[in-house]
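Only heavy atoms go into these numbers, but all of them, side chains included; no hydrogens, no water, no symmetry mates. Note that ligands are numbered from 1 as they come in the structure, with each ligand's atoms numbered from 1 the same way.
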Amino acid sequence: MAPSARRPLVSGNWKMHHDHIEALHTIRDLGLRCKPEDVAHVDVSVHPPFTDLRTAQTLIEAERIPVALGAQHCNDHDRGAYTGEVSPQMLARLGVRYVLVGHSERRQLFAMSDEAVAATLRAVLRHEMTPICCVGETAEERAAGHTDARLAAQLTAALDGLDAVQISSLVIAYEPIWAIGTGNAATAVDAEDACLFVRQTIGELAGAEAAASVRVQYGGSVTAENAGSFLAEPDVDGLLVGGASLDAGSFLDIVRASRPVQRTRG
Ligand code: PGA
């Protein structure tokens, strides 16, 4: 029973919450509360709205707050006539390290296609940032027994053509759509089953080494109360947290729930 070599990543997706003043307070609060031992075994990222990024970057760097800066989306072009869009190059210049790609809200509310997800993922990699590629099934797909097929289709569309080294560097977030923002989180066993399936699919697409290296997060109604149960599963390498990441105290409780000693493969 070797402990997993993958370092967990706990990410806070703020969605369209917190203006830049609120971002300043929240990140400062995180910095004040966070002790070195809280992040000794876990990577942490925060994903504020675009308008907060410069403020967040300045504060994180000036006060050496041990969280990485993340974004929630970007265009796949570096520049051009794309009114209202933000490019991966602009994010990289701000010190952004992780970018969510293909979050279900982008796919469902803004008609982001599988092709756009694939192009954005490549654009993020091109600028040496880490994509957090989001996949997940609807309640209807789950009820019909199509969860695995949906995940495999999304992963294949997103990753097709990338090499094994690129795929090993990715983070995949398994986020069942029915669990997002509903208070109805998956059980730890269901999250483990899906994250294991994601890993096996990566193995088929890119080989065993990539499957062993890729980090797979669970997301959907994660709270300080349930975080530990997910993180104890061998194939859950972290969490993508929405609502509970908006408050520094509750987000840090989730970060603290990562206990590497429990992360052993049976
Ligand atoms: P939630 O959101 O934690 O509020 O369910 C998760 C997400 O959408 O990333």
I need the nearest protein heavy-atom contact for atom 3 (O) of ligand 1: residue, atom name and distance, please. Gly242 N, 2.8 Å
Can you confirm whether more than 12 heavy atoms, excluding those of Glu63, are under 6.0 Å from its CD atom? yes
Out of curiosity, is Gly220 lining ligand 1, as in a heavy atom under 4.0 Å away? yes
Give a yes or no on whether a salt bridge exists between Asp78 and Arg126, defined as a side-chain N under 4.0 angstrom from a carboxylate O. yes
Report the nearest protein non-hydrogen atom to atom 4 (O) of ligand 1: residue, atom name, distance rounded to 0.1 Å. Gly243 N, 2.9 Å
Would Ile180 count as being in polar contact with ligand 1, using the rule that some N or O on each side must be under 3.5 angstrom apart? no
Donor-acceptor pairs under 3.5 Å, side chain of residues 97-104 to any protein atom, not counting sequence neighbours: which ones?
from: Tyr98; atom 1: OH; to: Arg215; atom 2: NH2; distance (Å): 3.2
from: His103; atom 1: ND1; to: Glu105; atom 2: N; distance (Å): 2.9
from: His103; atom 1: NE2; to: Glu175; atom 2: OE1; distance (Å): 3.2

Regarding ligand 1, does Ser221 bring an N or O atom to under 3.5 Å of one of the ligand's N or O atoms? yes
Under 3.5 Å: donor-acceptor pair, side chain of His18, backbone of Leu246: yes
Residues 153-168 vs side chain to side chain donor-acceptor pair (under 3.5 Å), sequence neighbours excluded, gives none
Assign the ring pair Tyr82 / His77 to parallel, tilted or perpendicular, where the plane angle (0 to 90°) is split at 30° and 60°. parallel
Within a distance under 4.0 Å of any heavy atom of Leu240, pick out the atoms of ligand 1 and give their elements. 9 (O)
min-distance protein heavy atom vs atom 9 (O) of ligand 1 -> Glu175 OE2, 2.8 Å
State the atoms of ligand 1, each with its element, that fall below the 4.0 Å cut-off from a heavy-atom position in His103. 7 (C), 8 (O), 9 (O)
One thing to verify: whether Asp38 and Arg33 come together as a salt bridge, which I'm taking to mean a side-chain N less than 4.0 angstrom from a carboxylate O. no
Any nitrogen or oxygen of Gly219 lying under 3.5 Å from a nitrogen or oxygen in ligand 1? Just yes or no. no
